[in-house]
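Note that the structure is a prediction, hence the values are computed from the model and not measured. Letters A, B, ... mirror the listed sequences (proteins, then strands); counts begin at 1.
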There are 2 protein chains.
Amino acid sequence: MLRLSKLTDYAVVVLIRLSEGGGECARLGGEPVQTSPGIALATGVPEPTVAKVLKALTSANLVASQRGARGGYRLVQALEQITIADVITAIDGPIALTACVDGAPGACDVQNMCAVKGRWDLVNDAIRQALTSITLAEMRVASVPMAFRLPAPDHLAPPDRLAQGGVPLAASAAE
Amino acid sequence: MLRLSKLTDYAVVVLIRLSEGGGECARLGGEPVQTSPGIALATGVPEPTVAKVLKALTSANLVASQRGARGGYRLVQALEQITIADVITAIDGPIALTACVDGAPGACDVQNMCAVKGRWDLVNDAIRQALTSITLAEMRVASVPMAFRLPAPDHLAPPDRLAQGGVPLAASAAE
DNA sequence: AACAATCAGGACCGCATGGGTCCTGTTAAG
DNA sequence: CTTAACAGGACCCATGCGGTCCTGATTGTT
């Protein structure tokens with residue numbers, strides 16, 4: 001699968017949402033912050049999950065948090081400065097395809113004559129480089145080719161119309 | 001984690017083992033084949049797992065099988081022609097990082113206003129390209145920098161000494 | 001012709017991991 | 001002092017992977 005976690009997907013959504021300047025809570029010396037309930041409402045991701053993602057992103061210093069009333073989160077870098085590798089590392093931990101490379105305790109169980117030991121590093125480096133070369137800004141411009149772009153991010157988009165007719169994608173071909 | 005399955009790791013081991021010409025069963029009109037028990041014995045991977053991996057590799061036409069007595073498996077391409085992407089696709093299925101891209105049944109549950117729909121394709125392509133650019137031959141030469149290379153593949157290497165002093169890698173820096 | 005060896009293709013089970021929720025404490029603005 | 005929001009856990013459940021096994025089909029050997 002080579003599948004990355006759904007949380008990482010959410011993190012991208014949340015970060016892009018954060019970049020769209022939360023127009024609601026422009027306080028705190030000009031630094032506009034957004035609350036996790038607000039982001040959850042705007043993105044459709046459940047609030048606890050948004051909170052969890054934001055905590056991880058804060059630990060990774062991708063976003064900054066302001067505690068207390070009128071608090072919230074804000075980006076510390078522009079989307080152009082955030083790479084996919086950053087997000088994946090923040091959410092899923094270090095990028096390592098196999099247990100052999102990311103410091104597994106018992107190493108592989110067939111380490112005796114494992115003829116390919118350490119060779120995955122080559123692949124890991126390639127992956128890592130590929131992920132480092134893509135920024136969130138690039139991902140955003142590549143998305144939403146249709147007219148569904150919300151120009152004003154401060155008025156939370158009503159999900160009704162979008163959910164009905166919007167974005168059929170691959171959901172129809174589901175067995 | 002972006003972790004790929006352990007089966008894929010085994011597949012690489014098995015394929016490299018297959019490339020080292022099974023010296024035992026040189027039959028079948030000059031096409032030397034190796035049996036799955038033999039490969040299991042040589043690599044240290046349990047036999048059922050080897051068999052499962054080989055079946056998947058056969059379905060993906062990375063190896064050819066000869067049924068019946070004196071049967072076995074052999075490579076259909078040189079290691080130089082097999083990319084990591086081939087192996088991953090054979091074992092783990094198509095390379096797709098998120099459920100949004102590989103035709104998931106329900107699509108993402110937040111598809112309503114998912115602002116990043118389809119944007120993972122960028123990342124997927126980058127990953128796919130990175131994995132396609134690395135062949136098994138490159139992985140083999142990059143491995144085993146020490147004197148642990150077994151010159152004769154038919155005499156199974158005694159695991160004892162190798163397991164003890166061999167290849168410390170990153171296993172020490174765990175946690 | 002009978003036998004044995006080997007692959008084919010499933011079904012099956014247990015465990016680990018991730019996804020998701022919730023609870024309690026801490027901070028800061030009003 | 002109260003309230004709103006983050007911090008940082010603990011916790012449960014489902015999914016999927018790793019691994020094993022069984023039965024049948026095929027083919028060389030005796």
Side-chain angles (χ1 to χ4, degrees), chain A residues 1-11 14 18 22 24-29 31 33-41 45-60 63-74 88 91-93 98-99 102 104-106 108-110, chain B residues 1-11 14 22 24-25 27-29 31 33-40 44-60 63-74 88 91-93 98-99 102 104-106 108-110:
Chain A
M1 314 264 181
L2 202 95
R3 174 156 303 156
L4 53 80
S5 69
K6 209 182 293 184
L7 272 298
T8 304
D9 198 353
Y10 291 158
V14 167
L18 269 179
E24 340 160 11
C25 314
R27 277 307 225 101
L28 192 70
E31 298 282 18
V33 295
Q34 299 185 49
T35 69
S36 41
I39 297 174
L41 208 52
V45 181
E47 295 93 342
T49 302
V50 170
K52 176 183 253 189
V53 165
L54 281 170
K55 286 170 195 168
L57 293 176
T58 305
S59 298
V63 306
S65 65
Q66 173 66 27
R67 301 182 63 161
R70 303 261 109 190
Y73 294 94
R74 64 177 173 83
I88 295 177
I91 302 294
D92 283 340
T98 61
D102 86 313
C108 29
D109 34 345
V110 287
Chain B
M1 311 271 180
L2 202 93
R3 174 158 304 158
L4 55 79
S5 69
K6 209 183 292 184
L7 271 298
T8 305
D9 197 354
Y10 292 160
V14 166
E24 339 161 10
C25 315
R27 274 309 221 102
L28 195 68
E31 298 281 16
V33 296
Q34 299 185 46
T35 69
S36 43
I39 297 174
V45 181
E47 295 93 341
T49 303
V50 170
K52 176 182 254 188
V53 166
L54 281 169
K55 286 170 195 168
L57 293 177
T58 304
S59 299
V63 305
S65 65
Q66 173 65 26
R67 301 180 65 162
R70 303 259 108 191
Y73 295 94
R74 65 178 174 82
I88 294 177
I91 301 294
D92 283 339
T98 61
D102 83 317
C108 29
D109 33 345
V110 289

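The one candidate from V45(A), T49(A), I88(A) that meets the side-chain contact (heavy atoms from CB on, under 4.5 Å) condition with L7(A) is T49(A).
Taking A64(B) as the reference, R74(B), V76(B) meet the side chain to side chain contact (heavy atoms under 4.5 Å, CB included) condition, with sequence neighbours excluded. For A40(B), the side chain to side chain contact (heavy atoms under 4.5 Å, CB included) partners are E47(B), V50(B), not counting sequence neighbours. In this structure, the side chain to side chain donor-acceptor pair (under 3.5 Å) partners of T8(A), at least two apart in sequence or on a different chain, are S5(A), D92(A).
The two residues V33(A) and R70(A) make their nearest non-hydrogen contact at CG2-O, 3.9 Å. Nearest approach of S65(B) to T58(B), heavy atoms of both residues: OG-CG2, 4.0 Å. Smallest separation of non-hydrogen atoms from A56(A) and I91(A): CB-CD1, 3.8 Å.
Put simply, CD1 on I88(A) is 14 Å from P on dG18(C), counting in whole angstrom units. A straight line from CD of Q34(B) to P of dC7(C) spans 11 Å, rounded to a whole angstrom. Rounded to an integer number of Å, the gap from CD1 of I91(A) to P of dT17(C) is 19 Å. Between R74(A) atom CZ and dC6(D) atom P there is a gap of 14 Å when expressed in whole angstrom units. Atoms NZ (K6(A)) and C1' (dC13(D)) sit 14 Å apart, rounded to a whole Å. The separation between L54(B) atom CG and dG10(C) atom P is 17 Å, rounded to whole Å. A straight line from CD of E47(A) to C1' of dC6(D) spans 15 Å, rounded to a whole angstrom.
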Grab the N/O contacts between the protein and nucleotides 11-14 of chain C below 3.5 Å, and write none if there aren't any.
none

What N/O pairs connect the protein and nucleotides 25-28 of chain C at under 3.5 Å? Give each pair on its own line.
{"from": "dG25(C)", "atom 1": "N2", "to": "R67(A)", "atom 2": "NH2", "distance (Å)": "3.1"}
{"from": "dT26(C)", "atom 1": "O2", "to": "R67(A)", "atom 2": "NH2", "distance (Å)": "2.7"}
{"from": "dT27(C)", "atom 1": "O2", "to": "G68(A)", "atom 2": "N", "distance (Å)": "3.3"}

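Among the nucleotides dC7(C), dG19(C), dG19(D), the one closest to any side-chain atom of Y10(B) is dG19(D).
A 4.5 Å side-chain heavy-atom check between L54(A) and Y73(A) finds at least one atom pair inside the cut-off.
Expressed to the nearest 0.5 Å, how far NZ of K55(B) lies from OG of S36(B) amounts to 8.0 Å.
The phosphate of dA8(C) (OP1 or OP2) has a side-chain N or O of S65(B) nearer than 4.0 angstrom. Contact annotation: S36(A) does not reach the phosphate of dA5(D) (side-chain N/O to OP1 or OP2, under 4.0 Å).
For dG8(D), the base has a donor-acceptor partner in the side chain of K55(A) [N/O atoms by modelled type, under 3.5 angstrom].
L7(A) comes within 4.0 angstrom of sugar-phosphate atoms only, judged by non-hydrogen atoms across all strands, and of no base.
Each end of the helix from dA1(C)-dT30(D) to dG30(C)-dC1(D) gets its own rotation axis from five pairs of C1' atoms, and the angle between them is 10° to the nearest 10 degrees.
In terms of position along DNA chain C, the nucleotide closest to P37(B) lies nearer the 5' end than the nucleotide closest to the other residue of the pair T49(A) and P37(B).
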